[in-house]
Amino acid sequence: MVEKSKTILYIVATPIGNLEDISLRAIRILGEVDFVLCEDTRVAKKLLAHYNISTPAISYHQHSDIKKLDYILDLLSQGKDIALVSDAGTPGISDPGGKLVQAVIARFGSEVNIESIPGPSAVTAALSISGIQTDKFIFMGFPPHKKGRQTFIHKILASEWPVVVYESKYRILRFLEELRFAVSEHNKKIESELDKENYESRIKNKADKNKKLKNINLSSVVVCRELSKMYETVYRGDIKIIIEKIKSHSNEQKGEFVVVIGK
Ligand code: SAM
């Protein structure tokens with residue numbers, strides 16, 4: 001038998017909706033490790049049961065205290081292999097996974113291997129179907145709930161690259177309305193500055209004006225709802241029409257959302 005050299009913390013990507021979206025390696029690892037760390041044991045158990053995996057699940061979420069973290073670090077120091085999963089997608093992408101990885105690196109350095117088991121993430125799923133050029137993009141995660149929303153939106157406007165944002169069903173309409181308002185204010189300001197410039201220099205150069213209107217093209221906003229699930233919906237086009245569509249029925253406001261803002 002080959003002697004096990006190092007303890008391993010696996011960071012395992014799991015489906016963002018459709019339970020079939022998981023790699024063969026992820027299924028094998030989840031079955032082989034000593035423990036599965038998860039945000040919500042009910043969500044993880046559903047996935048594990050679907051694949052007949054009986055590995056014990058331990059919860060680790062954003063409200064877990066230091067005692068829980070110490071308990072997990074102790075398990076690793078005893079040589080237990082652990083797989084970290086989140087409720088959906090890739091752990092660490094806008095969820096508490098990253099904190100654990102930092103704590104493990106801080107405590108064990110290279111004594112514990114941290115291995116990625118890649119797979120789905122809502123950010124890449126949304127980008128892949130957006131039709132927006134995505135050679136480069138900025139991922140900004142969730143907008144802040146209260147303070148800092150305006151700054152967040154202005155950073156989106158200022159970005160040179162497409163921007164991806166996660167938003168909850170409770171705030172999706174508010175976010176889109178705020179984005180729409182900010183874009184129209186931004187455009188008005190630039191238009192009036194350019195008009196003034198053109199007037200002063202007596203130049204009416206439309207191409208130049210368009211070049212200077214460095215703003216969001218409103219027709220390149222894509223809102224993805226419930227990706228890979230039964231009610232998957234992709235709203236493309238003018239942000240005003242997207243807002244109207246989402247407003248038109250309470251069912252359109254249900255589920256999970258990713259917004260891709262093209263440039
Ligand atoms: N770690 C996850 C990932 O890799 O995408 C993201 C976790 S974050 C706490 C949850 C957010 O991801 C949701 O609020 C939503 O914005 C987005 N999301 C997750 N699953 C989704 C899906 N099936 N469709 C659309 N958005 C989704």
Side-chain angles (χ1 to χ4, degrees), residues 9-23 25-26 29-30 36-44 46-47 50 57 59-64 83-102 114-132 134 137-146 149 152-153 156 162-176 178-179 221-236 242-243 245-246 251-261:
L9 171 66
Y10 294 98
I11 309 301
V12 182
T14 57
I16 59 167
N18 189 320
L19 289 185
E20 289 179 11
D21 296 333
I22 186 164
S23 74
R25 186 166 166 237
I29 296 292
L30 290 173
V36 174
L37 285 189
C38 55
E39 284 183 83
D40 183 337
T41 46
R42 287 164 304 181
V43 176
K46 199 171 146 206
L47 175 75
H50 187 81
S59 75
Y60 175 77
H61 45 74
Q62 56 173 334
H63 304 297
S64 292
L84 173 71
V85 300
S86 53
D87 281 351
T90 301
I93 308 300
S94 290
D95 64 35
K99 259 169 55 187
L100 180 73
V101 172
Q102 280 170 11
I114 301 174
E115 290 185 20
S116 142
I117 311 294
S121 183
V123 53
T124 46
L127 283 167
S128 71
I129 57 163
S130 68
I132 287 171
T134 52
F137 66 90
I138 310 275
F139 175 60
M140 288 185 56
F142 288 97
H145 295 188
K146 291 181 188 147
R149 277 180 86 84
F152 185 92
I153 287 180
I156 296 176
V163 178
V164 186
V165 170
Y166 283 171
E167 189 51 292
S168 95
K169 60 184 172 187
Y170 304 109
R171 285 175 291 274
I172 185 69
L173 277 170
R174 182 178 159 209
F175 172 71
L176 293 173
E178 286 174 351
L179 179 66
V221 172
V222 179
V223 179
C224 305
R225 181 172 80 92
E226 293 287 84
L227 288 167
S228 79
K229 302 188 200 175
M230 186 184 291
Y231 296 107
E232 171 167 327
T233 317
V234 180
Y235 310 86
R236 301 172 197 273
I242 295 177
I243 292 171
K245 247 192 168 153
I246 296 177
N251 280 349
E252 309 279 333
Q253 293 150 38
K254 287 184 181 157
E256 305 195 271
F257 292 85
V258 185
V259 182
V260 186
I261 302 122

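Note that ligands are numbered from 1 as they come in the structure, with each ligand's atoms numbered from 1 the same way.
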Participant: Shortest non-hydrogen contact from Ala122 to Val258?
Facilitator: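 Shortest heavy-atom contact: CB-CG2, 3.8 Å.
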
Participant: Is there any side-chain hydrogen bond (donor to acceptor under 3.5 Å, both in side chains) pair reaching into residues 86-97, and which pairs are they, with sequence neighbours excluded?
Facilitator: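 Found Ser86-Asp95.
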
Participant: Measure across Ala125 and Ile16 and return the closest heavy-atom pair with its distance rounded to 0.1 Å.
Facilitator: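 The pair with the smallest heavy-atom distance is CB-CD1, 4.0 Å.
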
Participant: Less than 3.5 Å apart, N/O on ligand 1 and N/O on the protein: could you list those pairs with the distances?
Facilitator:
{"residue": "ligand 1", "atom": "1 (N)", "partner": "Ala88", "partner atom": "O", "Å": "3.2"}
{"residue": "ligand 1", "atom": "1 (N)", "partner": "Thr90", "partner atom": "O", "Å": "3.0"}
{"residue": "ligand 1", "atom": "1 (N)", "partner": "Ile93", "partner atom": "O", "Å": "2.9"}
{"residue": "ligand 1", "atom": "1 (N)", "partner": "Asp95", "partner atom": "OD2", "Å": "2.8"}
{"residue": "ligand 1", "atom": "4 (O)", "partner": "Thr90", "partner atom": "N", "Å": "2.9"}
{"residue": "ligand 1", "atom": "4 (O)", "partner": "Ser121", "partner atom": "OG", "Å": "2.7"}
{"residue": "ligand 1", "atom": "5 (O)", "partner": "Ser121", "partner atom": "OG", "Å": "3.2"}
{"residue": "ligand 1", "atom": "5 (O)", "partner": "Ala122", "partner atom": "N", "Å": "2.8"}
{"residue": "ligand 1", "atom": "5 (O)", "partner": "Tyr166", "partner atom": "OH", "Å": "2.7"}
{"residue": "ligand 1", "atom": "16 (O)", "partner": "Phe257", "partner atom": "O", "Å": "2.6"}
{"residue": "ligand 1", "atom": "20 (N)", "partner": "Glu256", "partner atom": "OE1", "Å": "3.3"}
{"residue": "ligand 1", "atom": "23 (N)", "partner": "Ile16", "partner atom": "O", "Å": "2.8"}
{"residue": "ligand 1", "atom": "23 (N)", "partner": "Leu227", "partner atom": "N", "Å": "3.4"}
{"residue": "ligand 1", "atom": "23 (N)", "partner": "Leu227", "partner atom": "O", "Å": "2.9"}
{"residue": "ligand 1", "atom": "24 (N)", "partner": "Leu227", "partner atom": "N", "Å": "2.8"}

Participant: Are Ile243 and Leu173 side-chain neighbours, meaning at least one heavy-atom pair lies under 4.5 Å?
Facilitator: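 The answer is yes, as the side chains (C-beta and beyond) meet within the 4.5 Å cut-off.
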
Participant: Which atoms form the tightest heavy-atom contact between His145 and Arg149, and what is the distance?
Facilitator: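 Scanning both residues, the minimum pair turns out to be O-CD, 3.4 Å.
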
Participant: Please report the closest heavy-atom contact between Ala126 and Cys224, naming both atoms and the distance.
Facilitator: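 Answer, listing the atom of Ala126 first, then Cys224: CB-SG, 3.8 Å.
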
